[in-house]
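Atom set for the values below is all heavy atoms of this structure, side chains included, hydrogens, waters and symmetry mates excluded. Just so you know, ligand 1 is whichever comes first in the structure, and atom 1 is the first atom listed for that ligand.
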Amino acid sequence: MKVNGQPYRTIWLKPDNPEIVQIIDQRHLPHQFVIEDLKTVTQAAAAIKDMHVRGAPLIGATAAFGMYLAVLQAAKTSRDSFDDAVNAAAETLHATRPTAINLAWALERMNTGIAAADNIPAKIETARQLAVEIAEEEAEACRMIGEHGLDLIKEISEKKDGRPVNILTHCNAGWLACVDYGTATAPIYAAHDAGIPVHVWVDETRPRNQGARITAWELGQHGVPHTVIVDNVGGHLMQHRMVDMVIVGTDRTTYTGDVANKIGTYLKALAAKDNGVPFYVALPASTIDWQIRDGFEIPIEQRNADEVKIIQGLHDGEIKHVLLTPADSPAANYAFDVTPARLVDALITDRGVCPASEEGVLSLFPEKKG
Ligand code: MRU
């Protein structure tokens with residue numbers, strides 16, 4: 001997608017030095033556009049944990065590039081300690097964030113590829129190629145989610161006589177959460193680009209405000225009409241028929257269709273069900289957990305209470321942090337919740353749209369049967 005007219009992805013190898021990985025440091029958006037160099041696996045792990053990068057597909061891609069950096073570093077140690085260094089790096093990356101399954105998915109693919117290469121130069125080349133491949137595949141998967149989701153928006157638009165389709169989204173499941181296009185936003189960009197009038201209600205998404213800061217910024221960069229709302233408005237808008245559909249992303253979806261996504265998603269799904277508003281979840285195959293049957297087994301990340309207590313914003317041209325709560329009040333920071341499959345109208349995947357159920361998911365991924 002474009003930033004000030006220039007095409008970007010969220011992660012790439014530095015063109016004049018492919019031993020450096022570059023990312024957009026999202027902590028500064030929307031006020032500053034900062035590109036960060038990652039030179040070590042420690043920096044890659046910190047970038048994931050401290051949310052310079054975030055969003056399930058991008059967490060996976062960053063872990064993949066982190067393993068490439070780990071292999072480059074390990075090659076500078078002795079042959080004996082090479083494997084230990086690479087294994088330790090995988091563990092460090094794995095421990096960064098617990099909910100997005102894309103992290104474990106990418107690490108497993110990297111570990112298998114690196115282990116199969118039989119000398120150190122081959123391991124370096126395999127790690128580089130695999131990381132690039134994972135990023136490319138995730139971008140293509142999101143493009144396909146856009147193609148499949150476009151039909152759902154088109155269908156609603158045809159009944160609206162040229163009036164915009166109002167889509168509510170939560171958190172940032174946009175291109176900045178992925179490698180390109182986004183998951184929830186991919187159908188929205190596809191519809192906008194096809195000339196279908198759309199308008200997006202952007203949940204601010206406390207505590208880190210990924211909606212207000214990041215989704216609003218990226219929709220604005222692409223010229224998509226949108227309105228930022230506080231997290232509690234969605235139910236009111238749905239009661240007043242001001243939302244035609246909800247599309248959200250997910251950090252982990254069980255093969256039975258239960259969906260873990262940013263905290264607050266469940267309440268939007270409840271409101272959507274009560275008001276007959278279709279509720280869709282967009283995801284690439286890498287976000288499906290093929291082991292867990294019941295969504296309540298998904299590990300839910302709890303983050304630092306300061307994210308709830310302290311707000312970040314622009315003041316006099318500088319990014320400032322402001323204490324919101326009484327200094328001594330404890331705060332709880334559950335980062336994700338689980339929306340049961342029964343509240344999800346359909347999953348929009350890179351292979352097509354399916355019911356949020358075991359039968360539905362397996363109909364698109366028959367190779368996973370049994
Ligand atoms: O805590 P974050 O910002 O990493 O959470 C991101 C989300 O919850 C997204 O909705 C999810 O990763 C879907 S990504 C396209």
*With distance as the sole criterion, is a donor-acceptor pair present between the side chains of Asn172 and Gln26 under 3.5 Å?*
no

*Identify, by atom number and element, the atoms of ligand 1 in contact range of Gly249, meaning under 4.0 Å from any of its heavy atoms.*
13 (C)

_Evaluation steps, side chain to side chain contact (heavy atoms under 4.5 Å, CB included), between Ile214 and Arg54_ = CA-CA 11 Å; Ile214 301 174; Arg54 30 131 326 264; 4.0 Å; yes

*Does the side chain of Gln129 pick up a donor-acceptor pair with the side chain of Glu133 at under 3.5 Å?*
no

*Going by atom types alone, do Asp193 and His222 pair a side-chain donor with an acceptor below 3.5 Å?*
yes

*Should you measure from each heavy atom of Met51, which atoms of ligand 1 turn up under 4.0 Å away?*
1 (O), 2 (P), 3 (O)

*Hey, does Pro57 sit under 4.0 Å from ligand 1 if you only count heavy atoms?*
yes

*Tell me, which protein residue and heavy-atom name are nearest atom 9 (C) of ligand 1, and how many Å apart are they?*
Asn261 OD1, 3.5 Å

*Which residue and heavy atom of the protein sit nearest atom 5 (O) of ligand 1, plus the separation*: Lys262 CE, 3.3 Å

*Would Phe65 and Trp12 count as a close aromatic pair, with their ring centres under 6.0 Å?*
no

*Can you sort out which atoms of ligand 1 are near Asn172, meaning under 4.0 Å from one of its heavy atoms?*
9 (C)

*Find all atoms of ligand 1 within a distance of less than 4.0 Å from any non-hydrogen atom belonging to Gln210, and give their numbers and elements.*
1 (O), 2 (P), 3 (O)

*asked:* The test is salt bridge (Lys or Arg N to Asp or Glu O under 4.0 Å); show your working for Arg252 and Asp289 and say whether it passes.
replied: CA-CA 6 Å; Arg252 191 186 297 221; Asp289 188 324; 2.8 Å; yes

_Looking only at side-chain N and O atoms, does Gln22 offer a donor or acceptor that is under 3.5 Å from a partner on Asp37?_
yes

_Taking Arg293 first and then Glu358, would you say they form a salt bridge - that is, a charged N and a carboxylate O separated by under 4.0 Å?_
yes

*For ligand 1, which atoms sit closer than 4.0 Å to a heavy atom of Ala177?*
14 (S), 15 (C)

*Return the residue, atom name and 0.1 Å-rounded distance of the protein heavy atom closest to atom 15 (C) of ligand 1.*
Thr183 OG1, 2.9 Å

*asked:* Heavy-atom contact check, 4.0 Å cutoff: does Arg97 meet ligand 1?
replied: yes

_Nearest candidate to atom 7 (C) of ligand 1, where distance is taken over non-hydrogen atoms, out of Thr250, Leu58, Asp251, Ile48_ = Asp251

*asked:* Taking 4.0 Å as the limit for heavy-atom contacts, which would you say applies to Leu283 with ligand 1: side chain only, backbone only, both, or neither?
replied: neither

*asked:* Would Ala56 count as being in polar contact with ligand 1, using the rule that some N or O on each side must be under 3.5 angstrom apart?
replied: yes

*asked:* Quick check with a 6.0 Å cut-off and a 45 degree axis cone: is Lys262 positioned over the face of Phe336's six-membered ring?
replied: yes

*Could you tell me whether ligand 1 has any atom less than 4.0 Å away from a heavy atom of Cys178?*
yes

*State plainly whether the residues Arg143 and Glu138 are in salt-bridge range, i.e. N to O under 4.0 Å.*
no

*Decide whether an N or O pair under 3.5 Å exists between Cys171 and ligand 1.*
no

*Just let me know how Ala282 lines up against ligand 1, side chain, backbone, both or neither, with a heavy-atom cut-off below 4.0 Å.*
neither

*Among all protein heavy atoms, pick the one closest to atom 3 (O) of ligand 1 and tell me residue, atom and distance.*
Arg54 NE, 2.6 Å

_Below 30° counts as parallel, above 60° as perpendicular, anything between as tilted: where do the rings of Trp201 and His199 land?_
perpendicular

_Heavy-atom gap Arg208 to ligand 1 smaller than 4.0 Å_ = no

